[in-house]
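The block underneath contains the structure these notes are about, expressed in structure tokens.
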There are 2 protein chains.
Amino acid sequence: MKTADPELMRAINRFTVLDTIRRHGPISRVEISERSQLSTTTVSAITGSLLDDGLILTRHEGDIRNAAARGRPRVMLELNPDAARVVGAKIAANHMVFVVSNFCGEVISTLSLPIRVNRQPIGVIADLVEDGIRRCVVDAGLGLQEISTVCIGFPGVVEHRTGRVRSSPIVSEPDIDFAREMTDRLNVATIVESDAHAITLAHHWFGKGRDLDDMVLVSLEHSLGLGVLHGGQLFRGAGGLSHNLGDLMMGIGLPETVRLSALAGEAAILGEQTQQGRFADAVRLGRGMALAETLIAAEDNALIVAATRAGEAVGIAVANIVTLFGPPRVIIVGSSLSLGELFLKTLSDSYRSAIPSSIREIAELVFDPSPDEMWAQGAAVVALCELYESPWGTTGPAPAPQPASG
Amino acid sequence: MKTADPELMRAINRFTVLDTIRRHGPISRVEISERSQLSTTTVSAITGSLLDDGLILTRHEGDIRNAAARGRPRVMLELNPDAARVVGAKIAANHMVFVVSNFCGEVISTLSLPIRVNRQPIGVIADLVEDGIRRCVVDAGLGLQEISTVCIGFPGVVEHRTGRVRSSPIVSEPDIDFAREMTDRLNVATIVESDAHAITLAHHWFGKGRDLDDMVLVSLEHSLGLGVLHGGQLFRGAGGLSHNLGDLMMGIGLPETVRLSALAGEAAILGEQTQQGRFADAVRLGRGMALAETLIAAEDNALIVAATRAGEAVGIAVANIVTLFGPPRVIIVGSSLSLGELFLKTLSDSYRSAIPSSIREIAELVFDPSPDEMWAQGAAVVALCELYESPWGTTGPAPAPQPASG
DNA sequence: CTATTTTGTCCGGATACCGAATATAATACA
DNA sequence: TGTATTATATTCGGTATCCGGACAAAATAG
């Protein structure tokens, strides 16, 4: 249990001010004071400190409130984009995306590698990731020593606090300390996070969850993930473990145990033929689902059945999640959305029939294609959140292993 | 977003000290300082204030650390049991239990009413609850004006923040403002909470969750509830709604939508005959499950099938909850435990086969009969928590409608 | 060019935490 | 019995924080 001292107090208020500036663009001190309920005196003191530290900038224009405004004009404050740079990465079965972002979370450079890392030994994956990060940083015109933090979004179950990958569909070995591995390789503090958590924060900062501090995100990719935002913070399970939706048990009374991943995972939808069959090339290019959509349009029966089954299963799973968390919005993202209208409609219908009537109106479903770059950007946001040093890490304290000095 | 000022700081530390005293019995100031990471100076100041307010007491004996202890003896501090009294209640389909507790949460008086309130109009239920509370308070040798807060644990979906009963198996009308109703009747601040949340806190304070700040509780009664403790606090869904496990969808590929309540609810287990059939009297007495156990022992086939089906379903549901929340312990309580060994074993086996292997070791299952009085005691704990004024109410701020003055 | 208005900063007061010194209340021992 | 020792609790001084009110600053209105 954290003890409250003046230092913590300041940290909290400092974060509040910084976050307010981040969210509400160029903003004056008075407005910060109004929004944060802090006195103008305190806001001045804190913004002064932030200016000293170079985290924010002043701008003497852009006071839009009224052209004919009396009185001393407001000085607008905004994040200093160059206050720090971070790297975000998304590792998926058949591609990797890297992003260098500035302090605002804006993307400076991007690198997309359509490489299949599926089931490669961890050393090979680490090699590829290291190369990608170095390349992307160079593309941004920077050196690695100018990067504050790296965050890598991984599919599967990831333990944020320790940076361990507990289980992932793209890694054969279990329980990898990937954060330590990459920290040692890059000599930059590296954190590892669930890809679903990354895209959740991306939507909170830039996407369809900007207006909400409570929401749930379901990611439908090669593996199925979940992100829960609670009070503006990621809700990580006890122990900081990420969730793995694919492990949810669907169905009772069936002869065998059936998990969601067996109904709505990529392999389940595209069939057993992803390795050698007609989908092999498309999957390798990350276009498996798009191809599937065209085939569905051409009335490919097996795929229609698979997509329908998957939509039904996900709809039910989402209904159960809404029953448990009661969020006002559920954002559904991931490559499986490319399956097209049939899948989405089946999912929505299934959700509607599965959601209990008493909470029918609570949550709205929102679909978003969320390009791969946004996932990597989300990882960058995770890194930035560590920099912002949110003091009320209710769930997991700052992990970021320090790079070995020397 | 809450602004941090010295007042909040003090509130946080004050709560920390008070909670430490509550948890660790008679305890000296030095030990509080060690446990809370606060300086002895601060602890002295805060305990002085608590003593002034009459919330704690000193005791000059019981320093057990060493019989031959040098130096000034420690003065032990403990909660003042008489600092406040609260009422806790559990309302169930076929009985009500009331409890008056002191400031420590210890039960002063109990009243159990084996009355079936199922489907009665809300006015009738309110009458019965009011009478029960008044009676129980009198039994404790107190007057209603000596009661600080009342908390009523209700089955079903309850909105803690507003005290509204959204849907409950024992109420026919939807969306009842029961907190307002009882506050007006009793002229005592009354809060309404999910019964599952109440028993969760009871286990955290006195039962099988004393040692953990993160855990999950599943209640199997007439309706199926869930309580999630996260960081020592109840995790209430966005909007402060309680969860309703019975609404979980089990099964896909079945011809119809099947919810958990249809597999493991009381009616589902005992069959359609609870109203007039062989169970009528037993259910009325709250012994339906116990009777079922004896019948199962006598190899009643229908019941064996029902109990097995229920156990399987609950096991799967618990596995899914563990997948989502990752708690170190799951406490399972409720009248359905009386079904006996067959049910428990089926449940455990089902859970074990349903839990993903990657997190198999994370959670332990614990069964607890949890007598009805403990549920009411839990409701009293909810009330006490409000009194302790936990300042970091992450999920729902203090609701307690003030009684109409006059 | 002055009055007005709004914004931002400085000053004094209150509060809280903490470390060090001091007071307190017991035992150990000559 | 009286003094030294020891561990606990309180007091004192220092520092950091927030806040309200007075003051300085920078624009427009007339």
Side-chain angles (χ1 to χ4, degrees), chain A residues 1-17 20-21 26-52 56-78 391, chain B residues 1-18 20-21 26-52 56-77 391:
Chain A
M1 199 166 293
K2 229 172 186 162
T3 156
D5 51 12
E7 196 179 339
L8 175 69
M9 204 160 87
R10 184 59 153 218
I12 291 174
N13 289 336
R14 199 180 143 103
F15 174 78
T16 301
V17 169
T20 304
I21 295 173
I27 184 177
S28 65
R29 291 177 175 82
V30 257
E31 202 181 336
I32 295 172
S33 168
E34 285 162 9
R35 284 187 184 275
S36 65
Q37 311 274 25
L38 291 165
S39 71
T40 62
T41 307
T42 304
V43 171
S44 259
I46 291 175
T47 54
S49 155
L50 293 173
L51 283 166
D52 285 346
I56 61 175
L57 299 174
T58 61
R59 187 200 277 183
H60 289 270
E61 57 206 40
D63 181 0
I64 328 264
R65 84 210 125 112
N66 199 340
R70 305 283 300 269
R72 179 176 176 174
R74 303 179 169 182
V75 175
M76 307 307 271
L77 302 170
E78 60 189 351
Chain B
M1 201 167 293
K2 230 175 185 160
T3 157
D5 52 12
E7 196 179 339
L8 175 68
M9 204 161 87
R10 184 59 152 211
I12 290 175
N13 289 337
R14 200 179 141 103
F15 173 78
T16 301
V17 169
L18 191 56
T20 304
I21 295 173
I27 184 176
S28 66
R29 292 177 175 83
V30 258
E31 201 180 338
I32 296 173
S33 168
E34 284 162 11
R35 285 187 184 274
S36 65
Q37 310 274 25
L38 292 165
S39 72
T40 62
T41 307
T42 304
V43 170
S44 258
I46 290 176
T47 52
S49 155
L50 292 173
L51 282 166
D52 285 346
I56 60 174
L57 299 174
T58 61
R59 187 201 280 184
H60 290 269
E61 57 205 43
D63 180 1
I64 328 262
R65 87 211 122 112
N66 199 341
R70 306 282 300 268
R72 178 174 175 174
R74 303 178 169 182
V75 176
M76 308 307 272
L77 302 170

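Within every chain, numbering begins at 1; the chains are lettered A, B, ... in the order of the sequence lines, protein sequences first and strands thereafter.
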Checklist entry - Can you list the residues that meet the side chain to side chain donor-acceptor pair (under 3.5 Å) rule with A/S44, with sequence neighbours excluded? => result none

Checklist entry - Can you check the B/H60 NE2 to D/dA9 C1' distance for me, whole Å? => result 12 Å

Item to check | Non-neighbouring partners of B/S39 that pass side chain to side chain contact (heavy atoms under 4.5 Å, CB included), sequence neighbours left out | outcome: B/T41, B/T42

Checklist entry - How long is the line joining CZ of B/R74 and P of D/dT10, in whole Å? => result 14 Å

Next on the checklist: Please report the distance, rounded to the nearest Å, between CG in A/L8 and P in D/dT15.
Outcome noted: 22 Å

Checklist entry - Of the nucleotides D/dA9, D/dA27, C/dT9, which one has an atom closest to the side chain of A/S44? => result C/dT9

Next on the checklist: Nearest 0.5 angstrom please: B/N13 CG to B/L18 CG, how far?
Outcome noted: 12.5 Å

Checklist outcome for this item: For B/I27, the side chain to side chain contact (heavy atoms under 4.5 Å, CB included) test, sequence neighbours excluded, returns B/T20, B/I21, B/H24, B/E31, B/I32, B/R35

Item to check | Spatial distance of atom OG1 (A/T16) from atom CG (A/L38) [nearest 0.5 Å] | outcome: 6.5 Å

Checklist entry - Hey, does B/V43 reach any base, or is it just sugar-phosphate, or nothing, if we go heavy atoms under 4.0 Å? => result nothing

Checklist entry - Would you call B/T40 and B/R29 a side-chain contact if the rule is heavy atoms closer than 4.5 Å? => result no

Checklist entry - Nearest-Å distance, CD1 (A/I32) to C1' (C/dT7)? => result 13 Å

Item to check | A/R70 side-chain N/O to C/dT4 phosphate OP1/OP2 under 4.0 Å | outcome: no

Checklist entry - D/dA9 C1' sits how many Å from B/L51 CG, rounded? => result 12 Å

Distances under 3.5 Å between nitrogen or oxygen atoms of protein and nucleotides 10-17 of chain C:
from   : atom 1 : to    : atom 2 : distance (Å)
C/dC10 : N4     : A/T41 : OG1    : 3.4
C/dC17 : OP1    : B/N13 : ND2    : 2.8
C/dC17 : OP2    : B/R10 : NH1    : 2.3

Checklist entry - Between A/I27 (CD1) and C/dT7 (P), how many Å, whole number? => result 13 Å

Checklist entry - When only distance counts, do a donor and an acceptor, one from the side chain of B/R72 and one from the base of D/dT8, lie under 3.5 Å apart? => result yes

Checklist entry - Rounded to whole angstroms, how far apart are CD on B/E31 and C1' on D/dT8? => result 13 Å

Checklist entry - Is B/T47 close to B/V17 at the side-chain level, that is, under 4.5 Å between some pair of heavy atoms? => result yes

Item to check | For B/R14, all residues meeting side chain to side chain contact (heavy atoms under 4.5 Å, CB included), sequence neighbours excluded | outcome: B/I46, B/S49, B/L50, B/D53, B/L55

Checklist outcome for this item: When rounded to the nearest 0.5 Å, the distance separating CG of B/L57 from CG of B/L77 is 9.0 Å

Next on the checklist: When the axes are fitted on five pairs at both termini, how much does the helix from C/dC1-D/dG30 to C/dA30-D/dT1 curve, in 10° steps?
Outcome noted: 20°

